[in-house]
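One structure is given here, and the rest of the page talks about it.
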Amino acid sequence: MVTTPAPSPILAMARRAAALRAEGRDIVDLTLGEPDFAPPLHVIEAARAAAGRPLGYAPANGLPDLREAIRRDVLTTHGLTYGADQIAVGCGAKQVIFNAFLASLSPGDEVVIPAPYWASYPDMVRMCGGVPVIVPVAARPGFRLQPEELARALSPRTRWVILNAPGNPSGVTYTAGELEDFASVLRPWPDALILSDDIYAHIRYVATPHHTLAAVAPDLSARILLVDGVSKAFAMTGWRVGWGCGPVSLIHRITAVQSQNCTQTGTLNQLAAVAALDGPREILVERRAIYRQRRDAALSVLRASPDLAVAAPDGAFYLLVQVRDLADDTTLALQLLDAGVAVVPGSAFGATGHLRLSFATEAATLIEGCQRLRSALGARALSGAA
Ligand SMILES: Cc1ncc(COP(=O)(O)O)c(C=O)c1O
């Protein structure tokens, strides 16, 4: 039997916030990494048009038209060329990652995960029989992984290494030079596959272009699974369309898992994803600018507090806020619910002593939530609580 994980701490906090709201409490919810925008209009129109057609099963690795659209997207976004047989579509990037682990991990295989990390990675690894090896990235501004930190975690038992940039929750992005350094560390370990989780590639606030490991180190591409999807960039979280691009043998195994699991993600949803990928891209630029304004507005409220330290993230839509002298971030997150703001404790991401706030929330609500957080921490400092 698989190891059953504890419920996702992110969803647990979101559920608590929703329950309190249902009781009539005024709670600002900054827990979920869920864009508050609607999907682009042309996507909705394409879905409406497709809904009237017969929609049967699609191939387990995704509709050919979608895989073609992904091929074009990966070429435009990353300058990488993949064949149609090197792409697997799943119910969100999440399922593709899970399928990849299930298809490749043997009991005791190690998966190297730099911390802070997306809270789902360690649980997925455990459920698939693997052992998460957490690499604590020193809390230098922005949590930038250093090559020597990565090198120390690798061993003959390493089956996967996870690189996620822009990162959830740190927002870290890497330059081509930094990725070159990671590639040099990874080359001597030919049995280690590399998960490049680029789901936030389009949500970046730095002027430099997005770089991905397979483009920077093409000699490693036979070991890299590049993962992306429509959830974050196109505000289509509920449509559940994500994909992985990688070596044919791994894609075949991922597809085999998919075909005996839920067969495929919905055919209608896949057609909507084609419309998103092939449609105009200005909306990505506009939304990026809005996220940036929200990020900066939230930072100016939070940075006015002597109890908080927070770096400006390069990408994604999270603030990882360090709270001075904080021993127990879970208790603090629960106390903050009483103060009317829901956030996720940093320990859920391997960042004890921090809180994660999502700024995928409309500006006035976000500012109100940050002000509540600041006032609650001010009151806590006055009462001398730890
Ligand atoms: C780093 C990271 N990877 C993958 C995912 C999963 O995205 P999807 O909605 O495509 O399953 C998320 C969602 O929060 C994420 O933050």
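One-based numbering along the sequence shown.
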Hydrophobic cluster membership, Val344 vs Leu32, 4.5 Å side-chain cutoff: yes
For Leu66, the rest of its hydrophobic cluster, which grows through side-chain links under 4.5 angstrom: Val43, Leu55, Leu63, Ile70, Val74, Leu80, Tyr82, Ile87, Val89, Leu226, Val230, Phe234, Met236, Trp239, Val241, Trp243, Leu268, Leu271, Val274, Leu277, Ile283, Leu284
Pairs flagged by salt bridge (Lys or Arg N to Asp or Glu O under 4.0 Å) wherever residues 363-378 is involved - sequence neighbours left out: Asp26-Arg372, Glu368-Arg372
Sequence-distant partners of Phe349, ring pair (Phe, Tyr, Trp, His ring centres under 6.0 Å), two or more places apart: none
For Ala256, all residues meeting side-chain contact (heavy atoms from CB on, under 4.5 Å), sequence neighbours excluded: none
Partner set under side-chain contact (heavy atoms from CB on, under 4.5 Å) for Val248, not counting sequence neighbours: Asp85, Gln86, His252
Aromatic ring pairing Tyr291/Phe317, orientation class (parallel under 30°, perpendicular over 60°, tilted between): tilted
Residues that Pro5 engages under side-chain contact (heavy atoms from CB on, under 4.5 Å), provided they are two or more places apart: Asp123, Met127
Single-linkage hydrophobic cluster Val323~Met13, side-chain heavy atoms < 4.5 angstrom: no
Shared hydrophobic cluster, Ile290 / Leu357 (ILVMFWY, side-chain heavy atoms < 4.5 Å): yes
Ring centre gap for His78 and His210 strictly below 6.0 Å: yes
Residues clustering with Phe143 (ILVMFWY side chains joined when closer than 4.5 Å, directly or via others): Val112, Val133, Val135, Val137, Leu145, Leu150, Leu154, Val161, Leu163, Val172, Tyr174, Leu179, Phe182, Val185, Leu186, Trp189, Ile194, Leu213, Val216, Leu220, Ile224, Leu320
For Asp181, all residues meeting salt bridge (charged side-chain N to carboxylate O under 4.0 Å, His left out), sequence neighbours excluded: none
Arg72: partners by salt bridge (charged side-chain N to carboxylate O under 4.0 Å, His left out), with sequence neighbours left out: Asp278
Residues in salt bridge (charged side-chain N to carboxylate O under 4.0 Å, His left out) contact with Asp29, at least two apart in sequence or another chain: none
Counterpart residues, side-chain contact (heavy atoms from CB on, under 4.5 Å), relative to Ser300 (two or more places apart): none
Qualifying salt bridge (Lys or Arg N to Asp or Glu O under 4.0 Å) pairs with a residue from residues 189-199, counting only residues at least two apart or across chains: none
